[in-house]
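Atoms within a ligand are numbered from 1 in the order they appear, just like the ligands themselves. Both backbone and side-chain heavy atoms feed into the values below; hydrogens, waters and symmetry mates do not.
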Amino acid sequence: MLQLAEGMSRLGTESAFEVLARAAALEAEGKSIINLGIGQPDFKTPEHIVEAAVKALRDGHHGYTPANGISPLREAVAADFEQRNGVAIDPQNVVIVPGGKVTMFFAILMFGGPGVDILYPDPGFPIYRSVIDYSGASAIPIPLREENQFSFSAQELLSLITPRTRLIILNSPANPTGGALAPGELDTLVEGLAAYPDIAILSDEIYSQMLYDGRRHVSLMRYESIRDRVILLDGWSKTYAMTGWRLGYAIWPKALAEPATRLAINCHSCVNAPTQFAGIAALTGPQDAVAAMTAAFDERRHVIVEELNALPGFSCVNPGGAFYTFPNITGLGMSARAVQDDLLNEAGVATVAGTSFGEYGEGYLRFSYANSVENIREAMARIRVWLQAR
Ligand SMILES: Cc1ncc(COP(=O)(O)O)c(C=O)c1O
């Protein structure tokens, strides 16, 4: 009998991938499924980015690269970050990785372990909790509540800190709620963190360019007093519709760039070379596709929020960013998981139960509106029929 290491029993998963597999199986049986479950843009990667990768292959970039990424890409990341956030970055602190997830895995492994507390958003991206558990650390949820538009309360967060706390994870704009952290709460948090100089902060800003209604992204890196302990996670997956390329980056505090690079060497050596050239083209080329995608998501956001609020048993706050909405479904009198399953099997609409994102997700369902307005309207019509037949 093969004996897996003990930590494997604690490693969780991301249910959105299970929903995707189940939806694909139903489609293979000939059923029509509208997928509002998966969190990826439904757009194609802009052509000039694809061309840069093709050219890199033709130019013979077939080999290993430095483990932390080729220097023109790290320089492009630093320049782009400074241009968007007004904060100068040393390219030496940038580590290029295969997707946003890798940075969270590395950061949690770097700090996690028995006897340590790590604070993470709940409901939140499920991999935070999964890897914290795997590391042996205690996972302490930071509750994100509907009445706060799914932002957090800085006072509540600060009250969760103990002498064992090593890492705090924040995510804005957020998956799965679409919530954006209120700048006032961030100010209070940063003031409070002055009393805890040994705590690192992982700021997952992968949806930073998808904000609506005139909101502006406030990166945690803007706060000078904590800059030497912020790990900034971002990447190309969402902004440039590049989820399948596997390309992300982190800006690490100076002292952590070397351990992060060592983890990369132990794990994946480097990101494939042509993808890194595509990453340069994305950051330095025209940005109109980014604006066009965000405008399309904004239009869909209005449609889905209005349609969801018109469904009996659903109520939905207007999400401030990303491409998710997280309606309250307690009015249906069913568990989130049962609604997810019935909508998929009976209505042909893929969504993800709020409980896939943490214990505070019961009573909610995540809809991704990375789908056409036409499909969103058709999905809502199907849900209405399903509700009437109950
Ligand atoms: C909040 C958040 N962080 C990170 C990621 C991971 O992105 P990537 O596909 O680049 O690994 C996702 C993907 O859904 C996400 O929602």
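Among the atoms of E14, none of the N or O lies under 3.5 angstrom from an N or O of ligand 1. Residue G100 has at least one nitrogen or oxygen atom sitting less than 3.5 Å from a nitrogen or oxygen atom of ligand 1, judged on distance alone. Polar contact check, K101 against ligand 1: a nitrogen or oxygen pair lies under 3.5 Å apart.
The ligand atoms of ligand 1 that sit less than 4.0 angstrom from a heavy atom of M104 are 3 (N), 4 (C). For ligand 1, the atoms lying closer than 4.0 Å to a non-hydrogen atom of G99 are 10 (O), 11 (O). For ligand 1 and R246, the ligand atoms under 4.0 Å from any heavy atom of the residue are 8 (P), 9 (O), 10 (O), 11 (O). Atoms of ligand 1 lying under 4.0 Å from at least one heavy atom of K238, given by number and element, are 12 (C), 13 (C), 14 (O). Short contacts between ligand 1 and N171, defined as distances under 4.0 Å to a heavy atom of the residue, involve ligand atoms 1 (C). Of all atoms in ligand 1, numbered sequentially from 1 with element shown, those under 4.0 Å from a heavy atom of N175 are 1 (C), 14 (O), 15 (C), 16 (O).
Side chains of E362 and T355: no donor on one and acceptor on the other come within 3.5 Å. Checked by atom type, the side-chain pair S32/R382 shows a donor-acceptor distance below 3.5 Å. Side-chain atoms of S151 and N148 form no donor-acceptor pair, as typed in the model, at a separation below 3.5 Å. Side-chain contact, Y128 with D204: a donor N or O sits under 3.5 Å from an acceptor N or O. Defined by atom type and a distance below 3.5 Å, a donor-acceptor pair is missing between the side-chain atoms of R246 and N272.
Atom 2 (C) of ligand 1 has its closest protein heavy atom at D204 OD2, 3.4 Å.
Contact check for D187 versus Y223: side-chain heavy atoms found under the 4.5 Å cut-off. Looking only at side-chain heavy atoms (C-beta outward), F81 and L232 come within less than 4.5 Å of each other. T239 places none of its side-chain heavy atoms less than 4.5 Å from the side chain of M293.
Under 4.0 angstrom from ligand 1, there are no non-hydrogen atoms of Q40. If you look at W236 next to ligand 1, there are no close heavy atoms at all, none under 4.0 Å.
Between E258 and K254 no salt bridge is recorded (no basic side-chain N to carboxylate O distance below 4.0 Å).
Within the structure, ligand 1 has I206 among the residues with a heavy atom less than 4.0 angstrom away.
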